[in-house]
Amino acid sequence: MNMKRNQADSIPDVYCMSTQQSPTFSTRLIEWQHVHGRHGLPWHSSNPYHVWLSEIMLQQTQVNTVIPYYQAFLAKFPTILTLAEAGSDEVMAAWSGLGYYTRARNLHRAAQLIVAQHQGQFPDDVEQVMALPGIGRSTAAAICAFAFGQCRPILDGNVKRVLARWAGITGFPGDKKVEAAMWVLAEQLVPQADIETYTQAQMDLGSLVCTRSKPRCDVCPVAADCVARQTGRTTSLPTPKPRKAIPTRATTMLLIWRGDKLLLQKRPDRGIWGGLWCLPEVDTSLDAEAWCARHGMALESTTCLPAFEHVFTHFRLTISPVACEVSGPGLTPDEQWQWFDHKSALAAGIPQPLRRLLTNRQAVLL
DNA sequence: AACACGGGGGT
DNA sequence: ACCCCAGTGTT
């Protein structure tokens with residue numbers, strides 16, 4: 001196996017599946033499908049046009065929504081030729097309500113291509129299928145499996161979730177390396193017979209049992225050797241999409257202690273921490289002395305405390321707290337400024353990072 | 001309100 | 001080759 005090390009590492013030993021004693025992954029899925037999977041779906045046929053239409057409709061749309069549209073669409077356009085010869089308006093009208101209208105435009109274009117290039121016969125060569133607009137590798141594999149019995153793996157969102165959990169594959173499945181590793185695994189697991197049942201089983205297991213949240217592991221046919229289940233990672237797999245980098249800002253907050261009283265400033269109602277009592281902020285710890293002087297206080301001592309991070313939805317704030325002992329007349333309390341003792345500060349409306357700071361030993365001098 | 005989704009399109 | 005999007009349902 002010529003895989004890069006980090007990929008191989010993320011895939012536990014599934015390569016020996018074919019030699020193990022207990023039923024293989026695919027065998028268990030197929031048995032499960034016969035008892036618990038979906039049956040009698042209207043597109044369960046080997047008519048490639050029917051299979052194709054259903055696969056396109058099922059992209060980003062659930063089975064129960066698709067069924068009535070599928071039947072109406074086929075009644076209106078019973079063959080690839082009738083679809084190819086229809087006008088765009090008719091096709092779009094038949095799709096109306098399903099959403100993602102690019103799918104309908106691609107379907108229509110593909111029908112015309114099949115007429116022009118394949119004499120109106122849906123191609124059975126997977127490369128030619130994949131060359132049609134709106135059909136990628138996974139959809140092509142599903143069509144070739146259902147319509148022609150070809151043993152090819154699919155890899156849609158449901159399958160990615162099942163494989164990530166069962167094999168314990170970490171990393172965001174949208175990442176190309178991770179996706180490539182999943183295709184390799186999917187290839188390995190494909191059975192040599194009953195590909196139709198197996199393909200449907202993967203779809204059904206993903207949507208009925210191995211769901212995004214609250215998977216029903218108690219009824220899962222592959223729970224026994226599921227890595228996520230064994231290691232308590234069903235909720236953290238598949239690895240979620242990395243949050244896009246949020247900007248980091250920095251600020252210095254002054255803990256102005258005058259005796260055992262801490263100076264807090266009430267923020268305006270609008271904006272961040274609106275209406276909460278907060279520490280005065282300066283640009284750097286070097287500004288502490290000037291800040292005190294400007295507010296009629298003498299700075300007796302300063303202690304720089306360890307910086308820490310607070311994460312908002314849209315940015316990350318690095319807070320450098322500086323504890324200051326001050327003397328002098330001090331600020332006269334008013335609407336905006338108040339002196340709090342430690343206990344009353346914690347009882348006041350203060351933001352979470354200040355609460356963290358005040359419950360930390362170091363921040364509370366004296 | 002944020003996330004998920006298969007394929008296409010743009011850089 | 002890589003990143004991001006469209007457009008809608010789910011959590």
Side-chain angles (χ1 to χ4, degrees), chain A residues 3-4 6-7 43 51-70 91-114 123 126-146 152-165 169-183 185-187 199-200 202-216 228 234-246 311-316:
Chain A
M3 286 172 66
K4 292 211 176 80
N6 59 356
Q7 286 175 29
W43 46 83
V51 172
W52 168 40
L53 177 63
S54 72
E55 287 303 322
I56 300 304
M57 285 187 165
L58 287 166
Q59 289 171 358
Q60 291 122 330
T61 309
Q62 296 201 326
V63 168
N64 290 333
T65 308
V66 162
I67 289 174
Y69 283 90
Y70 170 84
V91 177
M92 299 315 283
W95 204 269
S96 177
L98 261 187
Y100 300 99
Y101 296 92
T102 309
R103 294 183 296 174
R105 282 187 287 275
N106 283 334
L107 191 76
H108 193 201
R109 269 208 299 146
Q112 293 168 340
L113 283 171
I114 292 168
V126 74
E127 296 297 328
Q128 293 178 348
V129 174
M130 231 190 300
L132 296 167
I135 302 180
R137 181 172 173 185
S138 185
T139 303
I143 294 170
C144 288
F146 286 127
R152 304 184 183 284
I154 60 166
L155 191 64
D156 65 7
N158 281 332
V159 178
K160 285 176 178 173
R161 190 170 53 251
V162 171
L163 294 186
R165 286 177 176 159
I169 299 174
T170 57
F172 174 54
D175 180 275
K176 269 184 64 176
K177 299 246 168 159
V178 177
E179 189 181 40
M182 287 184 169
W183 274 115
L185 176 56
E187 292 268 12
T199 304
Q200 188 65 44
Q202 287 181 96
M203 297 172 171
D204 291 357
L205 189 71
S207 62
L208 301 175
V209 173
C210 195
T211 48
R212 180 147 69 101
S213 57
K214 298 185 186 170
R216 297 176 201 126
T234 47
T235 56
S236 62
L237 289 173
T239 306
K241 183 188 179 78
R243 306 284 282 130
K244 74 170 109 164
I246 52 177
V311 181
F312 293 92
T313 10
H314 42 298
F315 68 96
R316 183 185 307 268

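On a predicted model such as this, the values are computed, not experimentally measured, just so you know. Protein chains get the first letters and strands the later ones, always in sequence-line order, with residue 1 at the start of each.
- Scanning both residues, A:A142 and A:V51, for their nearest heavy atoms gives O-CG1, 4.4 Å.
- At least one donor-acceptor pair under 3.5 Å links the side chain of A:R161 to the backbone N or O of A:C210.
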Protein and nucleotides 1-3 of chain C: nitrogen or oxygen contacts under 3.5 angstrom:
{"from": "C:dC2", "atom 1": "OP2", "to": "A:K176", "atom 2": "NZ", "distance (Å)": "2.4"}

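- A side-chain donor-acceptor contact under 3.5 Å links A:R165 to the backbone of A:L237.
- Across all strands, A:R161 comes closer than 4.0 Å only to sugar-phosphate atoms, never to a base (heavy-atom distances).
- Counting only Watson-Crick and G-U wobble pairs whose two key distances fall under 3.5 Å, DNA chain B forms stems of three or more stacked pairs at B:1-5 with C:7-11, B:7-11 with C:1-5.
- Pairs of residues two or more places apart, or lying in two chains, never qualify as salt bridge (Lys or Arg N to Asp or Glu O under 4.0 Å) while including a residue from residues 93-105 of chain A.
- Ion pairing between A:E187 and A:R152 fails under the 4.0 Å rule for side-chain N and carboxylate O.
- Rounded to a whole angstrom, the distance from the P atom of B:dA2 to that of C:dC5 is 15 Å.
- In this structure A:T65 satisfies the side-chain contact (heavy atoms from CB on, under 4.5 Å) test together with A:T61, A:Q62, A:L98, sequence neighbours excluded.
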- Query: Quick one: what's the B/S/- string for nucleotides 6-11 of chain B, heavy-atom cutoff under 4.0 Å, read 5' to 3'?
  - Reply: BSS---

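- For the P atom pair drawn from C:dC4 and B:dC3, the interatomic distance equals 15 Å after rounding to whole Å.
- In this structure, A:Y69 has no ring pair (Phe, Tyr, Trp, His ring centres under 6.0 Å) partners at least two apart in sequence or on a different chain.
- A:R103 places its CZ atom 15 Å from the P atom of B:dC5, with the value rounded to the nearest Å.
- Taking side-chain N and O atoms only, A:Q62 has a distance below 4.0 Å to OP1 or OP2 of C:dT10.
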